[in-house]
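All ligand and atom numbering here is 1-based and tracks the order in the structure. Here, residue 1 is the first one in the sequence, and each next residue gets the next number.
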Amino acid sequence: MKDEKNEDIFPKHFFWGASTAAHQVEGGNHNQWSVWELAHASELAQSAHRRLSWMPNWEEIKDQAEEPENYVSGTGVEHYARYKQDIALLSELNLNAFRFGVEWSRIEPSPGKWNQEAIEHYKLYFAELRARKIEPFLNLWHWTSPVWFEEKGGFEKRENVKYFERFVKKVAEELLDDVAYVITLNEPNNYASISYLLGRWPPQKKNPLLFFRVYWNLMCAHRAAYSILKKHKPSVQVGCAPNLSNIQAKRPHSILDEVSTKCMRYFWNWWFLRRIRKYQDFIGVNYYFSDYYTGFGKMKNPSVPLNDAGFYMEPEGLYPLLLRVWDRFHKPIIITENGLADHKDQYRQWWIENTVIAMERALSEGVDLRGYLHWSLLDNFEWDFGWWPKYGLVAVDRKTMKRTIRPSARWFAKWIERNR
Ligand code: BGC
């Protein structure tokens with residue numbers, strides 16, 4: 001990679017950062033997801049062979065994947081207690097931005113009752129970031145909700161959006177002073193599909209009607225949150241972080257594959273973004289996949305290279321995706337997540353190098369790209385996969401909670417230093 005060139009291409013105030021989510025790192029959370037984990041850990045361990053043994057690294061992960069403990073977020077990586085140490089790691093890695101969550105179930109453990117201690121904790125958290133000149137990207141909802149909210153029907157019911165609004169109002173009143181960027185929702189498309197179409201995540205329903213209702217209500221929740229935040233602090237920059245995929249036709253000259261690709265792009269990438277286009281200041285892009293479609297909506301990706309989670313890896317697919325997002329919406333873009341599960345750290349540097357090239361290409365063609373937040377800062381709890389996938393720039397030993405910077409992250413830190 002030609003380092004000298006990048007200096008000119010990346011804007012001076014580009015955000016080079018990392019991303020996390022409260023439930024995946026904090027530890028000690030009690031929400032609808034943690035309740036589900038405890039109820040389903042044994043079942044997930046028992047079905048691991050059936051679900052996961054096709055993966056190339058099955059032999060390496062099998063001990064963990066067949067262990068119920070793997071499926072419990074529990075103490076997390078104690079980020080709630082160790083946040084100062086973790087924020088210091090961001091500085092050590094030369095990062096100047098950080099995306100993290102404020103956990104709704106902590107702030108509002110029962111309806112309308114606020115936990116002032118948690119609010120004060122997050123204030124100190126932001127102050128720590130500010131002291132280190134790291135730009136906070138506050139995320140409001142990353143798939144976890146208070147148990148009481150879920151018991152009322154969660155986002156399945158339109159009338160429940162008012163509870164989310166009340167939470168957003170509280171955050172606006174208490175926590176916005178030190179924050180310039182807010183992300184409302186993480187990947188509403190992934191949540192609605194995996195929880196309500198595939199039935200894999202809580203509340204494990206397979207119901208297209210509910211899927212659509214939840215997706216719609218999340219869209220309403222985003223719009224409402226946008227208005228509340230802007231009313232409270234007009235200068236705050238608000239966006240959403242959908243999972244966007246570089247969707248391509250397997251056979252570019254096949255009309256069927258092209259039509260299939262267009263439909264999938266619309267369904268997965270654009271439907272939600274189009275509906276919130278007047279309610280966002282920037283577009284968050286969570287990019288992990290290039291997906292190739294053939295026939296009637298059948299996905300057929302190349303079989304290599306695969307990451308530890310069995311996902312086909314094409315980091316350069318970010319480039320055409322960025323062009324398409326820019327072309328459609330003409331709004332500043334921030335890559336709010338991008339990364340891979342790679343416990344041996346064998347692909348991470350390659351992935352980041354190719355991602356940087358993809359971003360350079362997009363920037364040089366006029367895309368208003370403002371930042372890159374790698375997923376993730378720390379190894380963390382990977383939802384229904386549990387603890388074995390390792391996404392961290394920093395490895396975490398969960399027995400000792402020791403943090404160790406991975407070689408790829410050291411390389412990335414040096415690269416940022418040279419090119420900033
Ligand atoms: C989610 C993260 C998750 C990551 C890796 C993203 O879709 O937002 O919470 O850890 O993917 O699978």
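Salt bridge absent: Glu316 and Arg361 never bring a charged side-chain N and a carboxylate O closer than 4.0 Å.
At under 3.5 Å, a nitrogen or oxygen of Trp383, whether backbone or side chain, sits near a nitrogen or oxygen of ligand 1. By the 3.5 Å distance cut-off applied to N or O atoms, Glu337 is counted among the residues near ligand 1.
Scanning the protein heavy atoms around atom 7 (O) of ligand 1, the nearest turns out to be Glu187 OE1, 2.5 Å. Of the protein's non-hydrogen atoms, Glu382 OE1, 3.5 Å is the one closest to atom 3 (C) of ligand 1. In this structure, the protein non-hydrogen atom closest to atom 4 (C) of ligand 1 is Tyr288 OH, 3.3 Å.
In this structure, Glu69 places its CD atom where only 12 or fewer heavy-atom neighbours from other residues, nucleotides or ligands lie under 6.0 Å away.
Listed by atom number, the atoms of ligand 1 under 4.0 Å from Tyr391 heavy atoms are 5 (C), 12 (O). Every atom of ligand 1 with a heavy atom of His142 under 4.0 Å away is listed here by number and element: 1 (C), 2 (C), 8 (O), 9 (O).
Residues passing the side-chain hydrogen bond (donor to acceptor under 3.5 Å, both in side chains) test with Asp178: none are found, sequence neighbours excluded. Under the side chain to side chain contact (heavy atoms under 4.5 Å, CB included) criterion, Asn70 pairs with Gln64, Trp387, Trp388, not counting sequence neighbours.
Contact of the Arg200 side chain with the Arg51 side chain is not registered, since no non-hydrogen atoms from C-beta on lie closer than 4.5 Å.
Under a cutoff of 6.0 Å and an axis angle of 45°, Arg406 and Phe412 do not form a cation-pi pair.
Residue contacts with ligand 1 for Asn190 involve side-chain atoms from C-beta outward but no N, CA, C or O (heavy atoms, distance under 4.0 Å).
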